Amino acid sequence: MSEKIAVYPGSYDPITNGHVDIIKRGLKIFDKIIVAALENPSKCYLFSLEERLNILKECFKDQPAIEIDFFGGLLVEYLKLKKVGTVVRGLRAISDFEIEFQMALMNRSIEPEFETIFLVPSIKYSFVSSRLVKEVYKLGGEVTAMVPPLVDQKLKEKYAKK
Ligand code: PNS
């Protein structure tokens, strides 16, 4: 039987434990998850693409079922390139639904063959987002339970330098 593979795209600026939770859940359904970090030149990231990829690789270094990659441009073009037909996204709350629904339908209108599967994270991560995590660290706080230890360290280093 062929391997079941899904792409889990995102900005990962930085990865949170909410993302990690979705990846773990995804691996109950798929044999392999490709964690694909978006590089959008018009977006201002805290972590460069290289930093985001290094963090992702370090977080999943002992897990061969998780591949770390990046993409630019349209997600559907990346899916074609990788020959993968399924996208995984996390749905934390109703507020995520509208944008995720729009993105899934937009992707489908460009490429009808692809499917999007939504996974629900643990309730303890339902309010965790990369944006809020960055804001807390920027203002001198820390949320160590919400990010992998390496991300905690990198966020502290990043904001100590600024
Ligand atoms: O972690 P994020 O920022 O919520 O991830 C958003 C992402 C990367 C999944 C989304 O922005 C994306 O797929 N961008 C690629 C550009 C694209 O394909 N746009 C058209 C369909 S929405």
Side-chain angles (χ1 to χ4, degrees), residues 4-27 29-30 32-60 63 66-138 143 145-148 150-152 154-155 158:
K4 282 184 284 171
I5 307 176
V7 166
Y8 182 27
S11 300
Y12 302 109
D13 186 36
I15 186 167
T16 67
N17 284 342
H19 295 117
V20 175
D21 186 75
I22 293 293
I23 293 165
K24 282 186 191 157
R25 288 172 198 281
L27 285 175
I29 304 168
F30 297 96
K32 182 174 163 185
I33 302 268
I34 303 173
V35 177
L38 174 68
E39 179 62 349
N40 178 351
S42 56
K43 203 169 159 184
C44 188
Y45 297 97
L46 176 65
F47 292 97
S48 67
L49 177 65
E50 195 186 352
E51 289 173 315
R52 286 180 283 142
L53 292 175
N54 286 341
I55 292 171
L56 289 168
K57 282 178 190 157
E58 188 58 30
C59 287
F60 302 111
Q63 297 180 63
I66 301 168
E67 179 183 323
I68 306 304
D69 197 11
F70 68 96
F71 72 106
L74 287 176
L75 176 61
V76 293
E77 292 301 328
Y78 176 71
L79 294 172
K80 280 186 213 164
L81 191 78
K82 298 296 281 187
K83 298 187 168 49
V84 173
T86 310
V87 173
V88 162
R89 290 285 288 170
L91 266 190
R92 289 166 298 191
I94 300 287
S95 51
D96 280 343
F97 180 76
E98 196 174 340
I99 180 73
E100 294 297 335
F101 189 64
Q102 283 177 354
M103 287 201 292
L105 289 179
M106 181 59 83
N107 286 333
R108 181 179 286 165
S109 70
I110 314 171
E111 186 46 74
E113 287 302 302
F114 297 139
E115 296 297 340
T116 304
I117 292 201
F118 296 107
L119 295 176
V120 176
S122 163
I123 192 95
K124 67 182 179 212
Y125 302 127
S126 59
F127 59 93
V128 177
S129 70
S130 301
R131 183 180 63 82
L132 284 183
V133 162
K134 283 183 281 193
E135 186 171 312
V136 170
Y137 279 81
K138 187 177 178 183
V143 278
M146 293 174 199
V147 289
L150 179 62
V151 172
D152 174 58
K154 295 287 175 193
L155 280 166
K158 222 9 128 184

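Atoms within a ligand are numbered from 1 in the order they appear, just like the ligands themselves. Since this is a predicted model, take the numbers as computed values, not measurements.
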Would you mind listing each N/O atom of ligand 1 next to any protein N/O under 3.5 Å, plus the distance?
{"unit_1": "ligand 1", "atom_1": "1 (O)", "unit_2": "S11", "atom_2": "N", "d": "3.0"}
{"unit_1": "ligand 1", "atom_1": "3 (O)", "unit_2": "S11", "atom_2": "OG", "d": "2.6"}
{"unit_1": "ligand 1", "atom_1": "4 (O)", "unit_2": "R89", "atom_2": "NH2", "d": "2.9"}
{"unit_1": "ligand 1", "atom_1": "5 (O)", "unit_2": "R89", "atom_2": "NH1", "d": "3.3"}
{"unit_1": "ligand 1", "atom_1": "18 (O)", "unit_2": "L75", "atom_2": "N", "d": "2.9"}

Point to revise | Electrostatic pair R89:D96 at N-O distance under 4.0 angstrom | key: no
Review point. For S122, does its backbone N or O pair with a side-chain atom of D21 as donor and acceptor, under 3.5 Å?
Key: yes
Can I get a per-line list of side-chain donor-acceptor pairs under 3.5 Å for residues 125-132, giving both atom names and the distance, sequence neighbours left out?
{"unit_1": "S126", "atom_1": "OG", "unit_2": "I123", "atom_2": "O", "d": "2.7"}
{"unit_1": "S129", "atom_1": "OG", "unit_2": "L132", "atom_2": "N", "d": "3.1"}
{"unit_1": "S130", "atom_1": "OG", "unit_2": "P14", "atom_2": "O", "d": "2.7"}

**Study point:** Non-neighbouring partners of N40 that pass side chain to side chain donor-acceptor pair (under 3.5 Å), sequence neighbours left out
**Key:** S42
Check your understanding: Under the ring pair (Phe, Tyr, Trp, His ring centres under 6.0 Å) test, which residues partner Y8, sequence neighbours left out?
Key -> Y12
Check your understanding: Does N107 reach the main-chain N or O of V76 with its side chain, forming a donor-acceptor pair under 3.5 Å?
Key -> no
